[in-house]
Amino acid sequence: MDSLSVVLCFVIGLISFVLISFKKRFAYWKDRGAAYVEPTIPFGNLPIRQVHFIDTTDPIYKQKKPGYPFMGAYFFRNPVVIPTDLDFIQNILVKDFSYFHERGMYVNEEDDPLSAHMFSLDGDKWKSLRGKLSPTFTSGKMKFMFPTVVDVADRFNSTLSEILETESELELRDLLARFTTDVIGTCAFGIECNSLKNPNCKFRNYGAKIFDEPLHGPLVHLFLMLYPNVARKLHLRFFRKEVEDFFMGVVRETIDYREKNNVRRKDFMDLLIQLKNGVALDEHAQKLGRLTFEEIVAQAFVFFAAGFETSSTTMLFSLYELALNPDIQEKARQEIETVLMKYEGKLTYEAVKEMVYVDQIITESLRKYPPVVNLIRQPFKDYRVPVYSIHHDPEIFPNPDVFDPDRFTPEQIKSRHPMSFLGFGEGPRNCIGLRFGRMQSRIGLITLLKNYRLKPCAKTPIPMVFAEGKPILSPKLGVHLQIEKL
Ligand code: HEM
């Protein structure tokens with residue numbers, strides 16, 4: 001045989017080997033009698049072009065088959081479960097939680113201490129942190145932080161009103177991200193960063209870097225999740241070093257200052273410092289040991305990362321829908337005025353709790369535009385609960401494209417399956433910051449609706465187009481609205 005024939009044989013052999021191995025792998029769901037979507041080599045059921053995360057699961061969910069609790073799919077060569085039945089989802093998230101408590105995210109404590117935060121950690125470390133930090137999110141603690149959030153909202157309002165002296169149409173995505181950055185900057189780090197007034201505020205710049213300029217592209221992210229041990233050996237990080245240095249520096253300075261000057265404030269940092277010093281925050285809470293400095297930084301960081309963009313996009317989509325639905329906007333404004341009159345014009349914790357229609361608007365916005373579009377659980381296979389698809393399933397929410405806050409009256413909620421709304425996830429691994437997220441979104445919305453009327457303008461994206469490749473559901477080109485001072 002000449003050398004060309006040898007090379008040809010080798011190439012043909014290699015291709016045959018790869019094809020047979022893919023074929024074998026792609027028989028996984030068929031062999032088990034599951035309902036599945038036919039995969040293609042090499043991406044499985046993943047779309048080839050750069051897409052939003054919705055597109056990784058929604059086309060599969062839409063092919064769901066009656067009588068089957070899930071659709072089998074493949075992300076590259078890996079079999080993935082896309083649950084389609086709400087009882088089955090309840091088993092995963094709640095009833096069988098003891099088997100489904102892991103997310104399987106990449107953590108590299110040594111090279112990248114920020115990655116060791118509660119969202120990514122699994123096993124005993126997650127359990128211990130969740131136990132330690134749950135008492136920081138009780139309704140009592142929310143009441144304690146409420147005045148701090150209202151102060152930030154007041155500052156936000158006065159800066160916005162200054163901007164509106166010269167402009168009437170504004171892009172709101174960045175503006176609202178600045179508001180929630182200021183809230184979390186104040187509540188998680190105790191830093192008064194008026195990022196709205198100061199566009200070069202470091203908190204906003206580093207916050208934007210986390211989501212808008214991730215260190216790696218989607219392929220490397222997948223590599224980190226699929227081969228974490230190799231990635232750790234290669235010392236691969238998840239977050240940029242400069243982001244780590246910034247957050248480490250801020251937390252170190254804050255703790256040093258507070259401990260030296262005996263400063264106590266109504267914020268998460270105060271609660272985290274107490275945990276560092278071994279103080280049990282809740283009489284019922286188990287004493288689970290102290291938090292180390294690195295653990296404090298990683299948790300303060302995740303409060304920031306998980307808390308600012310989720311809440312700002314919740315407000316953003318709510319305002320977008322209110323601008324398109326002036327009747328709903330007026331009804332909300334009337335509720336705000338009526339309740340405030342009862343409380344002598346003061347935005348108190350109790351007043352906000354009474355504004356139930358505003359809360360229904362937030363929930364309806366989270367239904368139509370859930371910031372986290374898939375929930376991940378990884379017992380032994382990858383499970384992706386398709387939140388966006390469930391929220392848009394006409395069998396669960398008739399006319400899903402219509403924005404209707406009345407879907408969330410107590411009677412309507414009772415009439416549906418408990419797993420039909422998953423905006424904050426469900427079960428013991430749901431969103432720990434749910435109360436805080438709702439609180440800051442309510443305060444922000446109330447402040448804006450009380451003082452301004454919102455209308456669509458020529459630049460408003462109708463219909464909404466989502467940004468591709470972003471972990472949090474967000475509009476592609478921001479949301480421009482016309483804002484009138486009342
Ligand atoms: C409207 C605002 C928010 C939304 C829609 C939201 C949504 C979510 C969702 C869907 C999850 C995953 C739940 C699951 O897998 O079942 C999650 C987890 C988490 N969220 Fe939020 N979130 C919001 C605000 C916040 C805030 C303000 C904080 C912190 C201050 C926060 C901190 C976290 C953390 C630490 C986790 C991981 C919990 C764990 O693994 O134990 N979130 N969030």
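Computation of the quantities below employed the complete heavy-atom set of this structure, encompassing side-chain atoms and omitting hydrogens, waters and symmetry-equivalent molecules. In listed order, ligands and their atoms are each counted from 1.
Qualifying side chain to side chain donor-acceptor pair (under 3.5 Å) partners for Arg103, counting only residues two or more places apart in sequence or in other chains: none. Qualifying side chain to side chain donor-acceptor pair (under 3.5 Å) partners for Tyr106, counting only residues two or more places apart in sequence or in other chains: Asn108.
Paired with Asp393 under the rule salt bridge (charged side-chain N to carboxylate O under 4.0 Å, His left out), one option of Lys62, Arg367, Lys64 passes, and it is Lys64.
Near Arg103, with a cut-off below 4.0 Å to any heavy atom, the atoms of ligand 1 are 12 (C), 13 (C), 14 (C), 15 (O), 39 (C), 40 (O).
Ligand 1 lies within reach of Arg377, whose nearest heavy atom is under 4.0 Å from it. For the ligand labelled ligand 1, residue Phe308 lies outside the 4.0 Å heavy-atom shell. Assignment of Phe137 to the shell around ligand 1 is supported, since a heavy atom sits closer than 4.0 Å.
With a heavy-atom cut-off of 4.0 Å, Leu366 touches ligand 1 through its side chain alone. The backbone and the side chain of Met118 each have at least one atom closer than 4.0 Å to an atom of ligand 1 (non-hydrogen atoms only).
Asp182 has no carboxylate O lying under 4.0 Å from a charged side-chain N of Arg155, or vice versa, which leaves the two without a salt bridge.
Glu426 and Asn430 form no side-chain donor-acceptor contact under 3.5 Å, judged by distance and modelled atom types alone. Looking only at atom types and distance, the side chain of Thr363 has no donor-acceptor partner in the side chain of Arg407 under 3.5 Å away.
Ring-plane geometry between Phe466 and Tyr369 is classed as perpendicular, the angle between the planes exceeding 60 degrees on a 0 to 90 degree scale with a lower cut at 30.
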Going by atom type alone, with no hydrogens or angles, which donor-acceptor pairs under 3.5 Å involve a side-chain atom of residues 92-101 and a protein atom two or more places apart or on another chain?
{"unit_1": "His101", "atom_1": "NE2", "unit_2": "Ser98", "atom_2": "O", "d": "3.2"}

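The number of protein N/O/S atoms found under 2.8 Å from atom 21 (Fe) of ligand 1 is 1.
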